[in-house]
S.K.: 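Take a look at the following structure, please.
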Amino acid sequence: MNDHHPDTGRQTPREVLPGFYKQYHLDEDGGNASPYVKMELGKRLFLYLPNSNARRRAVFKHDVHHLLTGYSSVFKGETEIAAWEIGSGCTRYPAAFILNLYGIMIGMLFSSAGVYRAFIRGRHTCNLYRDRFTDEQLLDMPLPVIRKYLLLDRPVPKAGLGDWLVFVLVLLAGTAYAALSLLLLPFVLLYTLYVMMKRRPT
């Protein structure tokens with residue numbers, strides 16, 4: 001379990017997100033308006049994918065999840081929050097589910113223990129993808145209030161048999177997804193090359 005969330009007191013996402021974006025060198029809107037998304041394969045290896053409307057729908061809640069859980073927005077933290085989001089349920093947001101499957105599979109190669117702990121934590125908490133609150137409502141809610149609503153203020157119980165079985169099913173789904181993704185790899189590489197050339201200073 002990751003307990004090192006920042007001491008944000010009664011601050012709200014509206015107050016904390018600008019500093020979060022600055023800390024991790026993200027755009028002021030978290031990259032929501034960008035035409036592409038940077039996907040890390042490792043600390044120095046990455047690909048670019050087109051930024052879809054489905055992904056834009058999820059990105060604000062994903063960023064608030066970082067603030068609530070304490071998982072960082074660097075490589076290891078992104079694999080952990082991917083596991084936590086799937087564990088706590090994100091099937092209403094297909095783009096988040098697909099990207100999180102990718103994050104879990106990459107994370108299993110480099111930090112399997114962290115990914116597993118985050119998944120179990122997710123199994124016993126909730127997330128914002130259930131749409132109980134609108135994005136506008138969340139912006140001005142104190143972070144401790146949101147944490148309490150998502151049960152993130154409680155200790156994580158030990159994993160049960162059901163948790164293990166669901167984790168195995170997720171890994172099987174991730175393996176199938178990874179195999180299918182190989183068919184799209186040439187197109188992703190071409191798009192990555194295009195973005196890198198476009199971003200290169202003239």
S.K.: So, does Thr12 use its side chain to make a donor-acceptor pair with the main chain of Leu139 at under 3.5 Å?
M.R.: yes
S.K.: Applying ring pair (Phe, Tyr, Trp, His ring centres under 6.0 Å) to Trp164 and Tyr116, what does each step give before you reach the verdict?
M.R.: CA-CA 9 Å; Trp164 276 87; Tyr116 176 73; 5.4 Å; yes
S.K.: How about Tyr191 and Phe187: are their ring centres within less than 6.0 Å of each other?
M.R.: no
S.K.: To the closest 0.5 Å, what do you measure between CD1 (Ile104) and CD (Glu78)?
M.R.: 12.5 Å
S.K.: Test of understanding: with ring pair (Phe, Tyr, Trp, His ring centres under 6.0 Å), list the residues that count as partners of His65, not counting sequence neighbours.
M.R.: Trp84, Tyr129
S.K.: By salt bridge (Lys or Arg N to Asp or Glu O under 4.0 Å), which residues pair with Asp135, not counting sequence neighbours?
M.R.: Lys61
S.K.: For residues Glu85 and Asn100, is any side-chain donor paired with an opposing acceptor at under 3.5 Å?
M.R.: yes
S.K.: Would you be so kind as to tabulate the donor-acceptor pairs closer than 3.5 Å made by side chains of residues 46-54, with sequence neighbours excluded?
M.R.:
residue	atom	partner	partner atom	Å
Tyr48	OH	Arg199	NE	3.3
Asn51	ND2	Gly31	O	3.3
Asn51	ND2	Asn32	O	3.2
Asn51	ND2	Ser34	O	2.8
Ser52	OG	Arg55	N	3.1
Asn53	OD1	Arg56	NH1	3.2

S.K.: Do Tyr93 and Asp131 have side-chain heavy atoms sitting under 4.5 Å apart?
M.R.: yes
S.K.: Lys76: which residues meet the side-chain contact (heavy atoms from CB on, under 4.5 Å) condition with it, sequence neighbours left out?
M.R.: Glu80, Ser111
S.K.: So Phe133 and Ile146, do their side chains get closer than 4.5 Å, heavy atoms only?
M.R.: no
S.K.: Using the rule given for salt bridge (charged side-chain N to carboxylate O under 4.0 Å, His left out), can you reason through Asp140 versus Arg14, listing the C-alpha separation, both sets of side-chain angles and the distance that settles it, and then say yes or no?
M.R.: CA-CA 6 Å; Asp140 295 309; Arg14 190 187 298 276; 2.8 Å; yes
S.K.: How about Tyr21 and Asp63: does a side-chain donor come under 3.5 Å of a side-chain acceptor?
M.R.: yes
S.K.: Who pairs with Thr134 by side-chain contact (heavy atoms from CB on, under 4.5 Å), at least two apart in sequence or on another chain?
M.R.: Glu136, Gln137
S.K.: Applying side-chain contact (heavy atoms from CB on, under 4.5 Å), name anything that partners Tyr177, two or more places apart in sequence or on another chain.
M.R.: Ile98, Leu101, Tyr102, Ser181
